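Each remark here refers to the structure printed beneath this line.
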Amino acid sequence: MIPKTFKEVIDLGDGREISIETGKLAKQAHGSVVVQSGKCMLLCTVVSNYQASDVDFLPLTVDYREKFAAAGRYPGGFFKREARPSDGEVLTMRLVDRVLRPLFPKDYHSETQVMIQLMSHDENVMPDAMAGLAASAAIQLSDIPFECPISEVRVGRVNGELIINPTMAQLKESDIDMVIGASEDSVMMVEGEMGEISEEEMVEAIKFAHEAIKVQCAAQVKLAEAFGKKETREYEPEAEDEDLKKKIHDMAYDKVYAVAKAGSSKKERSEAFAAIKEEIKASFSEEELEEIGGLVSKYYHKAEKEAVRNLTLEEGLRLDGRKTTDIRPIWCEIDYLPSVHGSSIFTRGETQALATVTLGTSREANQIDMPSYEGEETFYLHYNFPPFSTGEARPIRGTSRREVGHGNLAQRALKGMIPADCPYTVRVVSEVLESNGSSSMATVCAGTMALMDAGVQLKKPVSGIAMGLITDTETGKYAVLSDILGDEDHLGDMDFKVTGTADGITACQMDIKVKGLSYEILVNALKQARDGRMHILGKLTDAIAEPRPEVKSYAPKIITRIIPGEFIGALIGKGGEVIQDLQKKSKTTIVINEDPETEEGIVEILGTDQDGIDMVLKKIDSLMFKPEVGSIYEVKVIKVLDFGAVVEYMDAPGNEVLLHVSELAWERTENVTDVVNLGDVIDVKYFGIDPKTKKEKVSRKALLPKPEGYKERPPRDDRGGDRRGGDRRGGDRRGGDRDRKPRRD
């Protein structure tokens with residue numbers, strides 16, 4: 001018997017709907033829903049252990065997977081089974097995690113898993129935009145402690161009109177691609193890319209998204225009530241000791257405030273804070289520390305956070321002595337690495353990124369193979385964050401989710417500035433060598449310079465900055481911090497990263513921790529970020545004002561030629577022998593792609609030696625050479641036959657034509673060698689296709705003066721002439737003057 005189901009439908013306002021259903025699938029999970037739009041269906045489950053883990057944080061796992069069966073496809077590779085998550089899946093996991101995590105109680109430490117699966121794909125629906133809705137709805141149906149429902153939507157803008165959850169086709173025409181996560185009363189997360197929009201336009205898009213999210217949150221509440229809202233489970237909260245908390249605060253606050261006000265370096269500051277903490281711990285016996293050591297550390301960090309925040313709000317000073325709008329010292333260098341196609345160093349304070357650029361053909365494009373999207377990227381950026389960048393030694397376990405996320409943000413910041421006619425596949429790699437605040441924004445800056453150093457004709461340079469916000473809800477005071485430190489990242493109520501050109505924003509990432517942040521404060525923060533971006537942009541353009549006009553001498557040059565589809569086979573040759581031999585001789589890389597619409601061949605020639613590239617271009621010209629009727633061409637005799645000479649066009653090696661013996665001279669020619677010999681270079685006139693022989697006709701005699709008294713001979717027998725192309729090459733058939741050779745049976 002099919003169990004009873006409960007369902008809520010959300011109207012997107014343009015004929016599309018999203019439904020949330022529960023009661024049919026995965027009933028042993030603590031909460032489960034199926035979210036559907038069109039043919040797209042997501043199954044989300046949530047389970048949280050009833051016993052707390054022995055950790056002092058929330059062990060939350062958000063997992064998002066797209067099943068290939070959902071799109072009627074097989075996984076790639078030898079083993080036909082989904083394995084590790086793709087970068088696209090990881091990015092969706094991060095989007096959902098960043099909104100969910102702050103809404104669990106701070107003292108809730110039970111292992112919790114949110115698992116979202118794409119079970120049915122619809123090419124007109126982008127599933128990642130519904131993942132946050134699915135996760136929150138599943139939690140609302142469980143007994144897991146959670147503050148309030150949330151949701152996420154994607155916002156696009158096509159022809160000036162904002163759209164909720166646009167289709168892939170609409171997104172290609174959109175100048176905004178943002179995902180916003182929010183509860184009913186507060187925006188919590190923003191991430192996306194834009195086509196150089198203003199701060200006001202960005203805030204308008206966020207407001208538009210928030211209105212749609214409010215509707216989705218209300219639908220979750222209605223579904224939970226219809227299903228039967230469960231009582232929130234009881235769990236053992238963390239121990240608290242208000243007397244101890246006050247004691248630690250009194251012991252630490254003034255000392256921390258003094259260290260924070262000193263404006264020292266990261267190393268000195270860390271050592272001073274550690275000394276204060278050790279001094280406090282030393283005031284307790286070993287037995288006391290065994291019992292309350294965790295609380296001592298917890299209350300010390302709370303006092304430290306309060307002191308640093310108050311320093312900024314009351315005196316406008318920060319940990320390193322800067323004012324709220326100050327940017328740390330910056331130095332830049334380009335062309336640092338002698339062998340790479342482009343390189344740069346960007347250093348801001350104690351954050352440093354070394355970026356490299358590699359240029360390649362379409363063969364090096366990054367292939368994306370997901371059930372919800374198949375395609376390729378001809379511009380992509382990889383970000384590496386080794387442990388030595390923060391002075392640590394820790395295990396390296398492959399590319400982390402953080403590295404994937406930071407690299408994607410920098411890629412989105414820059415990709416809109418790569419010109420559409422860039423012939424290269426471009427790979428940027430950022431190596432973070434030092435980190436104390438926003439290495440992703442350092443990556444954007446280093447990437448900009450490295451691209452210009454490589455000769456990639458960026459439309460405009462891009463800079464990025466990380467910002468922070470500290471607010472006091474009681475007094476209404478707030479401070480926006482430009483170019484935040486790593487320590488400030490954890491102290492504020494909002495941290496956000498903004499990238500852009502001189503004309504507008506190209507990408508952003510925000511995490512808002514304070515409830516009910518006003519849009520006025522958000523606009524002010526974005527405008528202060530713009531001032532910081534412009535300052536940093538000036539430093540970049542001081543190092544390299546504009547892209548190099550050409551790629552470096554040792555970097556590959558790429559030439560793209562379009563050839564008719566009929567010549568593709570000739571260029572490749574039987575078994576690839578022509579193209580392979582040509583690559584070997586020219587020392588180039590040749591890639592041929594076929595345009596599916598026009599069926600033309602797109603030939604990419606990549607090489608460092610111009611002579612080699614010219615060799616390939618000459619071969620292509622030769623293959624496509626078509627002589628014009630009435631034109632005169634220089635040819636070379638490459639073969640002598642009884643009935644004429646085979647000649648090759650000097651401008652198109654490999655293109656041959658028969659110069660018939662009757663076209664050598666006005667006088668009767670008994671032997672071809674009486675007029676031309678192997679290797680001779682002569683001029684001929686092209687007459688097109690001879691209506692009698694159906695072969696191409698060229699003539700030498702047409703360029704010679706007629707002898708006096710010359711009389712036209714009677715027409716030749718149609719059976720005479722060139723027998724190539726299937727006819728037997730017998731002896732000379734001219735007028736029957738020569739005896740035919742005896743036929744051998």
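What you are looking at is a predicted structure, and each value in this text was computed from that prediction instead of being measured.
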Checklist line | Crowding at CD, Q610 (>12 non-hydrogen neighbours, <6.0 Å) | finding: yes
Notebook entry, point to check: Hey, is the main chain of C40 close enough, under 3.5 Å, to the side chain of S37 for a donor-acceptor pair?
Noted result: no
Next item on the list: Describe, in one word, how the ring planes of H382 and Y380 are oriented to each other, choosing from parallel (under 30°), tilted (30 to 60°) and perpendicular (over 60°).
Entry: tilted
Check: Any idea which heavy atoms bring M178 and A205 closest together, and the distance?
Finding: CE-CB, 3.4 Å
Note to self: Is there a side-chain contact between L359 and V456 in this structure, where contact means two heavy atoms from C-beta onward sitting under 4.5 Å apart?
What the structure shows: yes
Checklist line | Distance-minimising heavy-atom pair for K460 and T501 | finding: CB-CG2, 3.9 Å
Notebook entry, point to check: If you measure only the distance, is there a donor-acceptor pair under 3.5 Å linking the side chains of E696 and Y686?
Noted result: yes
Margin query: Between T92 and E89, do the side chains contain a donor N or O and an acceptor N or O under 3.5 Å apart?
Written below: no
Notebook entry, point to check: Would a 4.5 Å heavy-atom cut-off, applied to side chains only, mark R533 and I465 as touching?
Noted result: yes
Next item on the list: May I ask you to decide if A507's main-chain N or O and T499's side chain share a donor-acceptor pair within less than 3.5 Å?
Entry: yes
Note to self: If we ignore hydrogens and angles and just use 3.5 Å, is the side chain of E173 paired with the main-chain N or O of Q170 as donor and acceptor?
What the structure shows: no
Item checked: Lys/Arg-Asp/Glu bridge criterion (N-O < 4.0 Å) met for D335, R548 -> yes
Next item on the list: Just do the side-chain contact (heavy atoms from CB on, under 4.5 Å) check on V155 and I164 with the steps written out, would you?
Entry: CA-CA 5 Å; V155 175; I164 294 294; 4.1 Å; yes
Item checked: Residues, nucleotides or ligands: over 12 heavy atoms within 6.0 Å of K636 NZ -> no
Check: Can you tell me if OH on Y554 sees more than 12 non-hydrogen neighbours from other groups inside 6.0 Å?
Finding: yes
Next item on the list: Assess whether atom NZ of K459 is packed by more than 12 heavy atoms of other residues, nucleotides or ligands within 6.0 Å.
Entry: yes
Checklist line | Main-chain N/O of V462 paired to T448 side chain as donor or acceptor, under 3.5 Å | finding: yes
Notebook entry, point to check: Does E66 reach the main-chain N or O of L118 with its side chain, forming a donor-acceptor pair under 3.5 Å?
Noted result: no
Check: Looking at F379, does the NZ or CZ of K415 lie under 6.0 angstrom from its six-membered ring centre and within 45 degrees of the ring axis?
Finding: no
Note to self: For a quick test of reading the model, state the closest non-hydrogen atom pair linking D369 to F68 and the distance between them.
What the structure shows: O-CZ, 3.6 Å
Checklist line | Crowding at CG, D14 (>12 non-hydrogen neighbours, <6.0 Å) | finding: yes
Next item on the list: Report the C-alpha separation of L409 and Y383 in whole Å, then their side-chain angles, then the decisive distance to 0.1 Å, and conclude whether the side-chain contact (heavy atoms from CB on, under 4.5 Å) test is met.
Entry: CA-CA 10 Å; L409 176 61; Y383 164 102; over 6 Å; no
Next item on the list: Scan residues 562-578 for pairs that pass side-chain hydrogen bond (donor to acceptor under 3.5 Å, both in side chains), counting only residues two or more places apart or in two chains.
Entry: none
Notebook entry, point to check: Does a sphere of radius 6.0 Å around CD in E376 hold more than 12 heavy atoms from other residues, nucleotides or ligands, not counting ones at 6.0 Å or beyond?
Noted result: yes
Item checked: Donor-acceptor under 3.5 Å (D453 side chain, S343 main chain) -> yes
Next item on the list: Go through R412 and E191 one step at a time and tell me if the side-chain contact (heavy atoms from CB on, under 4.5 Å) criterion holds.
Entry: CA-CA 10 Å; R412 300 178 86 175; E191 180 158 331; 4.2 Å; yes
Check: Which value, rounded to the nearest 0.5 Å, describes the distance between I605 atom CD1 and K557 atom NZ?
Finding: 14.0 Å
Note to self: A quick test of your reading: do over 12 heavy atoms of other residues, nucleotides or ligands sit less than 6.0 Å from CD of E123?
What the structure shows: no
Next item on the list: Check whether any side-chain N or O of Q457 sits under 3.5 Å from a backbone N or O of G455 as a donor-acceptor pair, and report yes or no.
Entry: yes
Check: Would you say the side-chain atoms of T506 pair up with the backbone N or O of M194, donor to acceptor, closer than 3.5 Å?
Finding: no
Check: Where do L540 and S463 come nearest, in terms of heavy atoms and distance?
Finding: CD1-CB, 4.0 Å
Margin query: Just checking E550: does its CD atom have more than 12 heavy atoms from other residues, nucleotides or ligands closer to it than 6.0 angstrom?
Written below: no
Check: Is a side-chain N or O of K587 found less than 3.5 angstrom from the main chain of K584, in a donor-acceptor match?
Finding: no
Notebook entry, point to check: Do V426 and L451 pass the side-chain contact (heavy atoms from CB on, under 4.5 Å) test, and can you show the C-alpha distance, the side-chain angles, and the key distance before you say yes or no?
Noted result: CA-CA 9 Å; V426 181; L451 286 165; 3.5 Å; yes
Next item on the list: Report yes if the side chains of E204 and L162 come closer than 4.5 Å at any heavy-atom pair, otherwise no.
Entry: yes
Next item on the list: Measure across V637 and A645 and return the closest heavy-atom pair with its distance rounded to 0.1 Å.
Entry: CG1-CB, 4.1 Å
Next item on the list: Considering non-hydrogen atoms only, spot the tightest contact between M449 and I345 and give its length.
Entry: CE-O, 3.5 Å
Check: Can we call the ring centroids of Y633 and F625 under 6.0 Å apart?
Finding: yes
Checklist line | Flag, side chain of R157 to backbone of E201, donor-acceptor distance under 3.5 Å | finding: no
